Amino acid sequence: MSAYRKYAKLPGFRDFPPEELAFRNHIFDAWRRVAGRYGYREYDGPPLEELELYTDKSGSEIVGQLYEFTDKGARRVALRPEMTPSLARILAGRSRALRKPIRWFSIPQLFRYERQQRGRLREHFQWNVDLVGEPGTGADAEVLAVAIDGLRELGLGAADIRARVSDRILLSGVFAALEVPPGLTPGVFAALDRIEREPVERIHERLAGPGGLGLGRERADAVLEFFSDPTIGRIERDFAGSPRVAERGAELRQYESVLGDLGFADFVEFDFSIVRGLAYYTGIVFEIFDRAGRFRAICGGGRYDRLMEHVGGDRLSAVGFGMGDVVLGEVVRGRGLLPEYRPGVDYYIISISVAEAPLARRIAGVQRRLGRSVVYTLGGKSVKKQFSSAAALGAGSVIVLGPDEVERGVAVVREMASGQEREIPIAELTDPARGKSPSETLRAS
RNA sequence: GUGGGCGUAGCUCAGUUGGUCAGAGCGCCAGGUUGUGGCCCUGGAGGUCGCCGGUUCGAUCCCGGUCGCUCACCCCA
């Protein structure tokens, strides 16, 4: 041990040694494959943005947790806590030149300054998928389909996860029918966001009480009564008299059938108690949970039709979601879907004596140029150790160079899994024109 | 931000009612002679028992503080 001090990683941040990074990439790869299947293109932006980009547009919860500081140029900056404002900023400058709808996705590393706990660190990676420039609910359905497909790609099925969908437009209609003043609608959303965490009496007080919204007892009763059974069937039955509700209800049924056509009926259900904390959502919102309810939300998203103009762009409708790697990683692990980690190399070249080392390097050079992964000992270890290293590295085959064989112009190639050995002309291994690998030769012979 | 639990080798942990108590397994390194792995055997490296202070003749073990981890609350990218 050295006399110098040790450094630990900052709280809430993670290291990714190879096995961990392999798991992370397993998730990222699934995300990229699925996004690609839906025609989405990957983009990225800077991890550091002007502070105001977030203080103006994000919900106050996010603002309170900003990882912010003043840089050496006296600029107030923040590590990005979410990707959507950056996307809006990026598109504000170029959306006019882009054919609509715009299908983009990103896997940014996001930051927040908050005490860490299970499923919630100070840093995480989030799959952000956005569809910009299409106001219809067909776009909402497509985006949710991408999210579910991303999870399905990792092995999670309808028995493991479900998407709960709500709609702020429909709910606004319901509230209007319940005679809630339009100006109080956001406050009602905020109060109802707590419906699964607080007793109804408290919610009632928030809605009706003098210190609350001042809805009045009767209207608060009506709102809570509605939320005791907030299903679409209920809405269609009880609010048929409201044209606004009826029209939007039909729209949601259409949305539902689109998801059915795409094969996701088993994953999706309407649940109008879902509100979503972010302030900028304007229409359909959704969250995806594990059915067992053991974890936090895996994914959340929805429509945000005003954000683009808020950051100086054109008014463009948009819908998107964010899916974090932390909770998802826990769900995938918990479900036993963690892939086996077995790294490997194509060849390990063993030199019996130091005399063969230059030949080993020549073979390695040629084979690497042919695209194969090759390792040989750097330290002149015993043959036994070299074999041990080969096994530990997961070598598919070992090329053994011994004085006797080299004398005869051949090398011994041992296939590690079977232990089978064959002699191969060294000329074959050092000839860049020969694309065939030793193990292929082995199988062919 | 609030409260509970925890903090001994790289990892998982044992241990002393304060005095050979600094340990095990795994991992790592090296050997088990002369050209062959994954098993086995032997040996070794590695810890100021999270950090600081206090009590004591003496603390890893008691007390206080602090940092970190963790769970819950708050809140939710």
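What you see is a predicted model, and the numbers here were worked out from it, not measured in a lab.
Taking 3.5 Å as the limit, the base of B:U36 and the side chain of A:E421 contain a donor-acceptor pair of atoms between them. Below the 3.5 angstrom threshold, one finds no donor paired with an acceptor across the side chain of A:E356 and the base of B:G35.
Atom C1' of nucleotide B:G37 and atom NZ of A:K381 are separated by 13 Å, given to the nearest angstrom. Rounded to an integer number of Å, the gap from A:F321 CZ to B:A77 P is 15 Å. Between the P atom of B:G38 and the CZ atom of A:R414 lies a distance of 11 Å, rounded to the nearest Å. Between A:L328 atom CG and B:C76 atom C1' there is a gap of 17 Å when expressed in whole angstrom units. Summarising the geometry, the separation between CG on A:D15 and C1' on B:G10 is reported as 13 Å, rounded to the nearest angstrom. Note: CG (A:L401) to P (B:U36) measures 15 Å, nearest angstrom. Atom C1' of nucleotide B:G27 and atom CD of A:E19 are separated by 12 Å, given to the nearest angstrom. Across the protein-nucleic acid pair, A:Q126 atom CD and B:A77 atom P stand 9 Å apart, rounded to whole Å.
Taking atom P on both nucleotides, B:U70 is separated from B:U34 by 49 Å, rounded to a whole Å. Of the C1' atoms belonging to B:C29 and B:A9, the separation is 15 Å, rounded to the nearest Å. Taking atom P on both nucleotides, B:U48 is separated from B:G4 by 31 Å, rounded to a whole Å. Atom P of B:G58 sits at a distance of 15 Å from the matching atom of B:G53, rounded to the whole Å. With P as the reference atom, B:A24 and B:G47 are 15 Å apart, rounded to whole Å. Taking the C1' atom of each, B:G10 and B:C52 are spaced 26 Å apart, rounded to whole Å. Taking the C1' atoms as reference points, B:C26 lies 14 Å from B:A14, given to the whole Å. Going from the P atom of B:U33 to that of B:U42 covers 16 Å, rounded to whole Å.
Between the CZ atom of A:R248 and the OG1 atom of A:T137 there is a distance of 6.5 Å, given to the nearest 0.5 Å. Taking CZ of A:F175 as the reference point, atom OG1 of A:T185 lies at 7.0 Å (rounded to 0.5 Å). Rounded to the nearest 0.5 Å, atoms CZ (A:F267) and CG (A:D149) are 8.0 Å apart.
Both tests hold for A:R122 against A:Y113: distance to the six-membered ring centre under 6.0 Å, angle to the ring axis within 45°. Taking the ring axis of A:F16 as reference, the NZ or CZ atom of A:R24 stays within 45° of it and closer than 6.0 Å to the ring centre.
Candidate nucleotides B:A30, B:A77, B:G35 were compared by shortest atom distance to the side chain of A:D404, and B:G35 ranks first. Across B:G37, B:C74, B:G35, the shortest atom-to-atom separation from the side chain of A:E114 is found for B:C74. Residue A:Q65 places its side chain closer to B:C75 than to any other of B:A30, B:G35, B:C75. For A:K385, counting side-chain heavy atoms from C-beta on, the closest listed nucleotide (B:G35, B:G37, B:A30) is B:A30.
Residue order along RNA chain B, read from the 5' end via each residue's closest nucleotide, puts A:V400 first among A:V400 and A:R112. Where A:R296 and A:F387 meet RNA chain B, the nucleotide closest to each residue was compared, and A:F387 sits on the side nearer the 5' end.
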I need a per-nucleotide contact map over nucleotides 66-71 of chain B, read 5' to 3'. Cutoff is protein heavy atoms under 4.0 Å; write B for the base, S for backbone only, - otherwise. --SSSS
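Nucleic acid contact class of A:V398 (heavy atoms, under 4.0 Å, all strands): none. A:Q109 comes within 4.0 angstrom of nothing in the nucleic acid, heavy atoms only. Within the nucleic acid shown, A:R80 has no heavy atom closer than 4.0 Å to any nucleic acid atom.
A donor-acceptor contact closer than 3.5 angstrom is absent between the side chains of A:S389 and A:Q386.
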Residue pair A:E142, A:Y40: steps toward the side chain to side chain donor-acceptor pair (under 3.5 Å) verdict: CA-CA 11 Å; A:E142 175 172 301; A:Y40 287 69; 2.7 Å; yes
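Around the CZ atom of A:R41, the shell of radius 6.0 Å holds no more than 12 heavy atoms that belong to other residues, nucleotides or ligands.
Residue A:L262 comes nearest to A:A145 through the heavy atom pair CD1-CB, 3.8 Å, listed as atom of the first residue, atom of the second, then distance.
The side chain of A:K384 places no N or O atom within less than 4.0 Å of a non-bridging phosphate oxygen (OP1 or OP2) of B:U36.
Test A:R80, A:R76, A:R89 against A:E49 for salt bridge (Lys or Arg N to Asp or Glu O under 4.0 Å) and you get one pass: A:R89. With A:Y348 as reference, A:T377 is the one residue of A:I399, A:V400, A:T377 to meet the side chain to side chain contact (heavy atoms under 4.5 Å, CB included) rule.
Every residue two or more places apart in sequence or in another chain that forms a side-chain hydrogen bond (donor to acceptor under 3.5 Å, both in side chains) with A:E423 is listed here: A:R408.
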Any chance you could encode RNA chain B as dot-bracket? Rule is Watson-Crick or G-U wobble with both distances under 3.5 Å; [ ] for pairs crossing earlier ones, | for another strand. (((((((..((((.....[...)))).(((((.......))))).....(((((..]....))))))))))))....
